[in-house]
*Asks:* 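First the structure, which I've put down as structure tokens, then a few questions once you've had a look.
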Amino acid sequence: MKLRIAATAVALTTVIAACGAQQAGGGAAGAWPRKGKPITLIVAFAPGAAVDAAARVVAPVLEKELGTNVEVENRPGAGGLIGYTALSKSRPDGYTIGATSSPSIVISPLDPSRGATYTRASFQPLGMQVLDPMLVGVAPDSPYQNLKDLIEAVKAKPKSVTVTTTGVQTGEHFALADIQQKTQAQFAPVHFSEGAASAIAAFLGKHVDAYVGNVSDVKPHVAQGKIKVLGVMGAERSPFLPDVPTFAEQGYQIDAATARGYVAPAGVPAEVRTKIEAALKKAIEDPAVVAKMKDLGLPTVYKSGQDYTTYWAGQESNYKQALPLVRNEKG
Amino acid sequence: MSHESALAQPTHPEPAEPAPPSDARLRTGTQAALVALAVYVAVESLSLGLWASFGPGPGFFPFVLAVALGLLGVAWFVQSLRARPATGAPAGERVEAGHAVAVLGSLVVLAAVMDLLGYQLSVFLFLMFHLKWRAGRGWVLSLALALAGSAGVFHGFEQGLMVQLPPSAVPFLAGWGL
Amino acid sequence: MDVLADLLGGLATALSPQNLLYAFIGCLLGTLIGVLPGIGPVAGVALLIPLTLNLDPTSAIIMLAAIFYGTQYGGTITSVLLNTPGEAASAITTIDGYAMTRKGRAGAALTIAALGSFVGGTIATAGLVVAAKPLGDLGLRIGPPEFFSLMVLGISLLVALAGRSMTKALISGVLGLLIAMVGIDPVAGAPRFTFGSDRLLDGISFVAVIIGLFGLSEILVTARSRSAQVVAPGLRALLPGRDDLRRSAPAIARGTGIGFALGLVPGMTGSVSSLLAYGAERRFGRHRAELGTGAVEGVAGPETANNAHANGALVPLFTLGIPASPTIAVLMGAFLQQGLTPGPTLFAEHADVAWGIIASLFVGNVILLVLNVPLVGLWTSILRIPYPVLTAVILTFMVVGAYTVNFTVFDVFVMVGFGLLGLVLRRLDIPLAPLVLTLVLGPLMERSLRESLELSQGDFTLFLTRPICLVLLVIALVIAASPLLRLRKPAALAEDPEA
């Protein structure tokens, strides 16, 4: 009697385990995504942050395209490090993808003191959604009429102009280092690690002379005439600021932007990757999504996974060059 | 007005008795721990750098605080030595060791297994432990509450708030939705 | 007057049955979420945003604002009833709030908190309506050096928070500052005291700390053999008496002033306001000797300040489009998703929406009061649950709360660790309030010091040459030195050998 019970128990357990294993283990790519198995979209920032907002706008369309739930999971902390680490460690079966924002994703593995366990190679870019160029702005009543005025003034008197960044080794800091390398103009950075909001507040309160940040941060303030943007650090003029010349137009080869997109952990099977990329492309280029992003002040610039990889590599070599300067700057 | 606990925290209405020796041991132990902590932080912060280009470096404040903590720890020790002859200072709050250990221990275990077994299973076991074993409630109530607190909360958060509580890392359990 | 006409127009929108319903639901949902320890206003609002996306912009924002208020009040409920702060800003309310509960006066505490919140919130909103622009500009005048001076002033109140033993209070304060040092330092951007763990790069999670320090330690300290539960109040005790109301009035006034003023400063969080309001009661309140044992001012002051701050923080949002705190940032994200850009352009382009929102702020405050005062009986009946069962349930929620802050089990361990620390501190009669004060203010202080010095390129004299800084620093000095100068001696220090 006991033997029979035991045997049944073992058989039952095995069957259940087998079912569980089959469901959890990788199914054939052709059957991907398995019905009912949700895809997790890891967002390495807090709910409400720009990256999170963008992900949540894209998620519903992705759901429709892929035919399964897409659940946004927030893993905030350490400027993205926590979420990126989690993403790099997750299984490359296509059921986990993540939202990334450079410069954080590019810079964090470069500096050993940050202790990142991943590198660029740990991720497979799937598609880029946003390219938000940086800019330099001054007070509306400041004596600098254009970029040249500002840079020449700073070259003449190094460290005489204070300028905002959102923290040590952030995109703004690198941009300033880039400017210093190419023009010998040495600004005096003030790091507002609390974020762009406190940087803008300090700038508007006239505590800092100049503002460096993303177009999306200052769009409303430009409209109110509270900031005079001297140059945009992008390949082309920003659609939101059509009257502002780029750095390149004014003779300075500086290209700095925040790029946001989606990646998967490296090693995802090719067919799965193609499926996700296609769905992402649809989602990112969806007119409703583009409109929502525009409301958020984020320009949609789609790049395929391949192009995103290339762009990312370019950013990395830029930042690598500027890294020693930025590390000397600190402290 | 009453010179009772001025600002410390709500004291439980226990009779004031002379502090038992375990109190003194705890106190001295803590004082020693504080001084040890102070030394550790001071040493660490020296390696962080006391002064940077414009002002206090990363190690400056920790160093100053460590020194302050060390001095305060010593001061406290001296004060308690001086106060000893007096009728035991009003003790802090009484603690029932067994209870504290049970709560802390169960919490540690819960936290340790939560990622492995998943929220639902671990919290279910946790609640059963506290309701049935520690509190001695009946089976029906315990099971009901344990299920509500584990599965109920899990699904409530997932569906209602779209917040994902930890699922199990064991594939066999995950297959069951745990 | 134009403003009045606009406001009335806005009220018409806000008071439409549909919007009233949304506001009501928002308050209720917000309160329920806020009651869960750990899910504070930021997460609460963020989590509930999806519910509002299908509504038209005005209704959506109205509901969100109501949720916002609700979550704050929810945090107060757990602070008062269970000594477990639901969020940072309610941390200090636990001290006197819970003491009142133990005296059987939970209902009075909750009601006073609701009343104070209502008064503070309404006056702050009125301030928003009347003087938004000048106030917004005033807030901008507070740059990093002024911010630093404010923090110094805040920390000087630590002296006022000391009870019998200044030594112990200072130890508590220093511990708080040391805990705050863990993480990435604002100077070099390098990890400090993180032991290689990337979890600690952001510092030790504040919410996990206070849940452990207050909530868990309370459970640990309470003997299991205690069969008599905390006194569940009778009906009469549900409401504050006339005495309570009289005593609360000055506290509410102070709280409103402090909360609203600090709300205007970008970067200031609600917890700073409630802490400073408590410190002010400790320093200037008539019945300050009773603070800590269940003085109603200890609830009225901080809670009012909290709400006044939250409403005041909307000023920079509306006038400048700058979110003054993380919660407001989430709110702003919601605005943006609805196609509304907060800032003066909002009034120019969508005036009716803007005024509808402002009117709903007033309405929201009223709803909060109307909703929660009758419910006080319901909330306090939680206390009737047999304590051991209640303990099990609370423990579970604390675990969930600690987890959901950063979605990591690590924070649950943090909570446990600080529960143990809280236990030890309470056993040794070391006050917890200074620790919380310095834990909140410390990081803000170090950061603003760094920013100030970067601004001045290393010149320390800027603190003395900027007028606002100088004034604040002098006040701080006076407050810190006052026990020594015996200007207005906090009563309990009389018999204490100073460290």
Side-chain angles (χ1 to χ4, degrees), chain B residues 1-10 12 23 26-27 30 34 41 44 48 52-58 61-62 65 68-69 72-73 75-76 79 89-96 99-100 103-104 107-108 110-111 114-115 123 126-127 130-131 134-135 137 145 149 153 161-163 165-166, chain C residues 47 50 95 98-99 102 161 163-164 167-168 170-171 174 177-178 181 185 187-188 190 192-193 219-221 223-225 289-293 388-389 392-393 395-396 399-400 403-404 409 412-413 416 419-420 423-424 426-429 431-433 446 449-450 453-454 457-458 491-492 497 499:
Chain B
M1 274 249 87
S2 87
H3 291 303
E4 209 189 322
S5 71
L7 201 280
Q9 53 271 330
H12 295 248
D23 241 11
L26 180 63
R27 190 181 57 229
T30 310
L34 286 176
V41 172
E44 274 294 300
L48 284 172
S53 59
F54 292 151
F61 284 118
L65 289 170
L69 186 63
L72 285 168
W76 182 22
Q79 280 175 357
E93 308 175 53
R94 293 257 166 276
V95 174
E96 212 187 68
H99 170 68
V103 172
L104 284 174
L107 279 173
V108 168
L110 172 62
M114 190 147 74
D115 269 335
V123 168
F126 179 79
L127 280 172
H130 279 280
L131 289 169
R134 297 289 298 171
R137 299 284 137 172
L145 279 178
V153 168
L161 298 175
M162 289 180 274
V163 164
L165 292 169
Chain C
L47 289 173
I95 296 180
Y98 189 63
R102 308 203 71 249
L161 287 178
R164 273 183 302 270
T167 317
K168 289 185 178 177
L170 286 175
I171 289 181
V174 169
L177 284 172
L178 279 174
M181 300 270 126
D185 80 276
V187 178
R192 187 164 58 174
F193 298 115
I219 290 185
L220 292 174
V221 161
R224 196 178 118 226
S225 55
E290 285 178 34
L291 279 175
T293 62
V389 175
V393 173
L395 281 174
T396 311
V399 168
V400 173
Y403 174 81
T404 52
V409 172
V412 179
F413 284 113
V416 173
L420 185 57
L423 180 60
V424 170
R426 290 168 73 159
R427 190 88 179 88
L428 296 172
D429 209 25
L432 298 177
E446 194 183 12
L449 176 64
R450 184 65 196 164
L453 290 174
E454 280 168 3
Q457 296 284 296

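Note on naming: letters A, B, ... go to the chains in the order of the sequence lines (proteins, then strands), and numbering restarts at 1 for each one.
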*Asks:* Can you tell which part of L65(B) gets under 4.5 Å to a heavy atom of chain C, answering side chain, backbone, both or neither?
*Replies:* both
*Asks:* Counting heavy-atom pairs closer than 4.5 Å to chain B, which one of L177(C), V412(C), L449(C) comes out on top?
*Replies:* L177(C)
*Asks:* Quick check: closest heavy atoms across A111(B) and V409(C), and the distance to 0.1 Å?
*Replies:* O-CG1, 3.0 Å
*Asks:* Would you mind checking which part of L145(B) comes under 4.5 Å of any heavy atom in chain C, side chain (CB onward), backbone (N, CA, C, O), both or neither?
*Replies:* side chain
*Asks:* Side chain from CB out, backbone as N, CA, C, O: work out which of these in V41(B) comes under 4.5 Å of a heavy atom of chain C, or both, or neither.
*Replies:* both
*Asks:* May I have the step-by-step check of salt bridge (Lys or Arg N to Asp or Glu O under 4.0 Å) for E454(C) and R450(C), ending in yes or no?
*Replies:* CA-CA 6 Å; E454(C) 280 168 3; R450(C) 184 65 196 164; 3.3 Å; yes
*Asks:* Give a yes or no answer on whether the side chain of H99(B) reaches the backbone of I219(C) with a donor-acceptor pair at less than 3.5 Å.
*Replies:* yes
*Asks:* If I compare all heavy atoms of A100(B) with all of L423(C), which pair ends up nearest, and what's the gap?
*Replies:* CB-CD2, 4.2 Å
*Asks:* Less than 4.5 Å to any heavy atom of chain B: does that hold for the side chain of V399(C), its backbone, both, or neither?
*Replies:* side chain
*Asks:* Could you state the interatomic distance from CZ (F193(C)) to CD (E44(B)), rounded to the nearest 0.5 Å?
*Replies:* 6.0 Å
